[in-house]
Amino acid sequence: MNESELVSVLTRLSSATGVAGFEDQAVEIAAGYFQSYGCTVKRDRFGNLLALKAGTAKKGRIVSLALVAHIDEIGAMVTKVEGGGFLRFTAIGGLDARTLPGQAVLIHGRKILKGVIGAKPPHLLTDQERKKTVPIDKLFIDVGLSYEDLNNIVSVGDIISFEQNPLLLSNRKYISGKALDNRAGVAALIFCAAELADRKHEANIFFIASLQEEVGLRGATTAAFGLNPDLAVAVDVTHGDGPGLENNFSYKLGAGPALATGPNFDVDLFSKLKNAAADNYLPCQIEPIPGRSGTDAWAFQVTREGIPTGLLSIPLRYMHSTVELINIDDLAVCGKILSFYARSVNYTHGKRS
Amino acid sequence: MKIKETLAELSNLRGVSGAEAEVSSYLADRLEEGRFEVRVDSIGNLLVRKGRKKGKKLMLSAHMDEVGLMIMDFEKNGLLRFRAVGGIDSRILVAKRLRVGIHALPGVIGSKPIHLQKKGEQDKPFREDSLYIDCGFKNHEEAAGYLKVGEYATFDVKCAAISKNAFRGKAFDNRAGCLVLLSLLLEKNSLSFDAAFTVQEEVGTRGAQIAAYTMEPDRALVVESTAAADTPETEQELSSTILGQGPAISLMDSTVMVDRQMRNELTVAAEKAGIIYQYRRFTGAGTDGGAIAYSRSGVKTAVLSVPCRYIHSPHSVLYESDLKSTIDLVRSWLDTQQ
Amino acid sequence: MEKILKTLTELYGPSGEEETVREKILELVGKRADSTFTDQLGNLFVLFRGNAPKILISAHMDEIGIIVTNIDENGFLRLAPLGGLSPSILTGQRLRFKSGLIGLVYHEKINDLKELTWPKLYLDIGQKSRSEAEKVVAIGDLACFDQPFVSVPGSRFLAKAMDNRAGCAVLVETISGLKRPLPQEVCFVFSVQEELGLRGAKTAAFGYEPDYGLAVDVTRVGDTPKADNMAVSLGLGPAIKVKDSSVITHPLIRRFMVDQAKNLNIDYQLEVLERGGTDAGAIHLSRAGVPSGALSIPCRYVHTPSEMVDSADLENAVNLLSGLLRVPWPAVTEGHL
């Protein structure tokens with residue numbers, strides 16, 4: 001897969017709707033790519049997408065490796081259709097109320113409506129109001145319809161997504177858009193599948209696009225139990241260095257994915273991934289995580305009798321906003337590290353060896 | 001088993017959540033002397049079976065890990081940035097000695113001298129992100145030559161007897177529990193049970209979740225160390241437990257509602273053996289109990305703790321008498337279950 | 001219905017000590033089932049055998065309450081909460097122990113309502129000393145609110161523990177009216193420790209291995225003065241849950257429930273609950289995943305001594321649940337794309 005193809009994969013994925021619990025559109029796009037690279041695809045009872053690139057090991061048991069990236073995105077849900085033709089809503093996943101006023105949204109009712117999250121004009125604000133963030137339960141969506149018309153199309157529980165197509169910045173490397181957390185991870189998996197398409201590997205490689213990560217690692221919890229792989233690597237995003245993060249830990253855009261170390265991650269798998277990068281001259285940063293990683297890796301590690309788990313993260317700025325920003329090179333490098341590692345996995349690896 | 005020596009050895013071992021190998025190999029060595037077959041699972045739990053498999057499957061569990069620090073980054077001037085692993089009150093960190101990384105390099109956490117402070121500066125406690133570990137490295141490069149990010153630091157503390165009955169040391173939470181299990185495994189008795197020395201309790205009871213799923217017990221007893229605030233500036237009714245009043249039986253904690261039948265069995269076993277016990281008069285904070293109790297289709301689970309002052313700090317204090325009576329109570333309860 | 005609801009809500013059953021409720025429910029429905037059994041934690045299963053798929057219908061039996069953590073020398077008790085309970089709601093309330101003993105909750109002297117925290121609360125059982133108190137109560141004893149069931153003029157009921165004896169009552173009524181043969185196997189579970197974090201439902205689902213799950217529980221409403229922007233009202237029908245903090249209802253299950261309600265001409269509401277969870281949260285994450293939904297009974301003043309429901313909502317909940325069990329459930333198979 002060349003760079004422009006990768007940009008096009010990410011663009012399609014980012015533009016698709018896939019708010020947690022309602023990921024079908026994004027899943028179908030991802031499924032198409034995995035199929036085109038020789039994977040057998042299916043969805044499990046929870047709805048997670050499982051794409052299998054079969055291994056070629058002949059003797060003994062075939063080791064299975066799960067590469068998992070969540071495909072859901074944050075968004076909102078209608079809680080009330082109000083008189084005057086306005087909608088009230090609640091967050092699905094972690095929304096920063098400060099980023100919401102003035103956003104264009106899509107309401108997925110009987111048909112898709114365009115709307116905007118309204119805000120009081122600055123002229124009418126008091127000094128007191130200016131100093132405070134408007135909380136989500138005081139915000140509303142305006143779709144320009146009467147209450148009666150709106151009520152015919154929209155009902156409580158309908159999904160709201162952000163309307164934002166990705167933007168390639170002028171250096172042709174940086175892409176900004178919504179849902180790059182974690183369509184960037186899914187794109188990296190698709191890149192990995194493309195790398196493996198015409199290559200043989202002993203292990204069964206399961207690419208998993210997991211659902212409902214943003215509301216509590218739910219898809220990963222059931223996928224891990226159902227599949228029970230020997231090894232798992234989660235692919236997600238981590239904080240890219242940017243303004244306001246001086247007292248936090250962040251990772252450089254364009255310097256390769258961040259490989260996580262800490263209690264959540266298997267020590268042996270960590271060094272194998274590190275070597276897969278180093279042996280192939282691929283850049284990779286190290287991300288120490290002292291506790292809960294907040295990623296699908298957290299769910300996989302303690303499933304059943306335990307699954308050795310790793311995590312590769314793509315540095316991303318402005319997480320959980322409509323202007324998330326990544327460097328496309330990091331996706332390709334991440335996909336390559338995964339493909340080199342996947343090809344090295346054989347019957348000697350994994351928890352049952 | 002020599003309790004004093006074993007407690008000191010266990011306390012001095014370094015085993016922050018996620019890096020418990022030193023503790024688990026110590027225990028494995030001791031258990032191999034006792035001719036036990038031990039198994040280490042995928043996450044690092046040490047699993048042992050004692051006696052024959054017959055009747056109820058009893059599981060004793062104690063976590064091996066301790067709270068500590070993780071090295072996150074190196075500054076240009078060679079100082080180390082860190083974050084806590086597990087729950088540490090960042091106010092206790094300043095002016096402490098540490099052992100840093102896999103080679104246990106000496107280091108300290110320092111602060112601005114009192115002479116240079118502005119008025120009122122002392123009233124504000126230090127935040128974790130304003131503190132640094134100093135190992136004496138000249139610069140970033142020298143630090144990176146000795147250490148990798150992601151390595152752990154522990155308190156540099158040696159266990160000591162401070163009175164006839166009292167010990168001072170780090171990581172009594174939960175090497176005290178490990179000691180109780182080890183003692184019951186190594187002593188001469190005809191008891192049958194499975195023991196799990198678990199990892200990563202302090203970062204979310206991770207190991208116990210796997211151990212319980214693997215072992216599928218009928219009943220589980222978690223042996224822990226719990227906070228005793230029987231000290232000045234805490235009102236009596238908030239002390240939770242008191243040193244010297246024996247093992248503390250939990251009512252509930254944030255992870256588990258203790259099975260009432262097992263709670264009664266423990267009090268009966270204590271009274272039968274003439275052991276003084278107390279209740280843990282606090283319902284917050286978590287243990288491996290929840291991960292075990294709600295495993296698979298449910299496991300009757302109780303939690304028994306050695307009371308311990310100043311847990312999660314460099315120096316905690318416990319009484320040998322409480323340790324011994326905890327061992328006695330667990331033995332007495334196991335007897336009733338055979 | 002009113003009689004069953006009165007019986008069930010007045011029973012003692014804080015999280016962890018649900019046996020009184022369990023025994024009563026067993027007495028009410030046990031004979032109708034193919035088998036009944038309990039598990040290690042005390043969940044009660046009421047099984048109606050049938051062909052696949054297997055459906056698990058859950059209503060939790062436990063209610064919020066307190067646990068005694070200390071007894072002082074003057075005979076006052078200290079307490080800690082079981083479930084989401086606010087100190088300000090507890091102050092001035094009578095609590096009842098399993099033995100029938102009654103006590104009153106009050107607080108130490110405070111200067112500001114903000115100081116009203118759990119350590120400030122105590123329970124006065126009218127005893128003069130620790131030794132007197134220890135004759136009637138022990139550390140670790142549980143207690144719940146002491147409030148009688150009230151039927152107000154009109155269609156509404158007030159009681160403690162509507163959360164979730166209302167759900168239990170809906171299950172009991174549904175079981176009583178169940179007509180055989182059923183198109184698929186149904187297991188009703190009266191679960192424990194929901195208020196402590198959906199704990200009973202977690203082990204129940206693991207043990208029973210259902211193909212589908214449905215929780216029946218109460219939900220909050222937005223129809224009181226200056227309430228949240230929540231579009232659920234008392235009396236407008238049971239609510240079909242779309243989302244809460246613990247679960248997003250499987251779209252197929254939600255559609256199936258809505259279609260059945262429309263077919264049967266039963267008023268229903270759609271529910272998006274911003275804070276709070278239900279047993280479906282635990283069931284849908286069991287093993288490799290169990291498509292699940294929830295049927296909610298609108299309820300005012302949830303987690304207070306007097307929770308209010310509307311009898312029409314209860315009856316419609318029974319009608320809808322019974323209707324759902326008369327028809328085959330939609331296929332959620334692996335492999336669909």
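Naming: A, B, ... by sequence-line order, numbering from 1 per chain. Only this structure's heavy atoms are used, side chains among them; waters, hydrogens and symmetry mates stay out.
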Between CG of C:Asn70 and OG of B:Ser239, what distance do you get to the nearest 0.5 Å? 7.0 Å

Does any backbone or side-chain atom of B:Arg280 lie under 4.5 Å from a heavy atom of chain C? Answer side chain, backbone, both or neither. neither

With only heavy atoms counted, which part of C:Asp39 is less than 4.5 Å from chain B, the side chain, the backbone, both or neither? side chain

B:Tyr279 versus chain C, the contacting section by heavy-atom distance below 4.5 Å: side chain

If you measure from CD on B:Glu237 to OG1 on C:Thr69, what distance do you get to the nearest 0.5 Å? 9.0 Å

B:Arg127 atom CZ, over 12 foreign heavy atoms within 6.0 Å: no

When rounded to the nearest 0.5 angstrom, what distance separates CD in C:Gln40 from OG in B:Ser295? 11.5 Å

Nearest heavy-atom neighbours spanning C:Pro119 and B:Leu238: CB-CD2, 4.0 Å

Top of C:Ser286, C:Gly140, C:Ala80 for chain B proximity - count of heavy-atom pairs under 4.5 angstrom: C:Gly140

Side chain, backbone, both or neither of C:Ser15 within contact of chain B (heavy atoms, under 4.5 Å): backbone

Which atom names give the shortest non-hydrogen contact between C:Leu142 and B:Arg260, and what distance separates them? CG-NH1, 3.9 Å

What distance do B:Met257 atom CE and C:Glu17 atom CD have between them, rounded to the nearest 0.5 Å? 8.5 Å

Taking atom OG1 of B:Thr283 and atom CH2 of C:Trp118, what is their separation to the nearest 0.5 Å? 9.0 Å

Around atom CD1 of C:Ile110, are there more than 12 heavy atoms from other residues, nucleotides or ligands closer than 6.0 Å? yes

Under 6.0 Å from the OH atom of C:Tyr106, do we count more than 12 heavy atoms belonging to anything else shown? no

Looking only at heavy atoms, which two atoms of B:Ser297 and C:Gly207 are closest? And how far apart? OG-CA, 3.7 Å

Contacting region of B:Ser240 [heavy-atom separation from chain C under 4.5 Å]: neither

Side chain to side chain donor-acceptor pair (under 3.5 Å) between B:Tyr294 and C:Gln193, worked out: CA-CA 11 Å; B:Tyr294 308 107; C:Gln193 299 189 30; 2.6 Å; yes

Which portion of C:Leu196 sits near chain B, non-hydrogen atoms under 4.5 angstrom: side chain

Can you tell me which portion of C:Arg78 sits under 4.5 Å from chain B's heavy atoms? Options are side chain, backbone, both or neither. side chain

Atom NZ of residue position B:Lys56 - does it have more than 12 heavy atoms of other residues, nucleotides or ligands inside 6.0 Å? yes

With a 4.5 angstrom heavy-atom cut-off, which part of B:Arg296 approaches chain C: side chain, backbone, both or neither? both

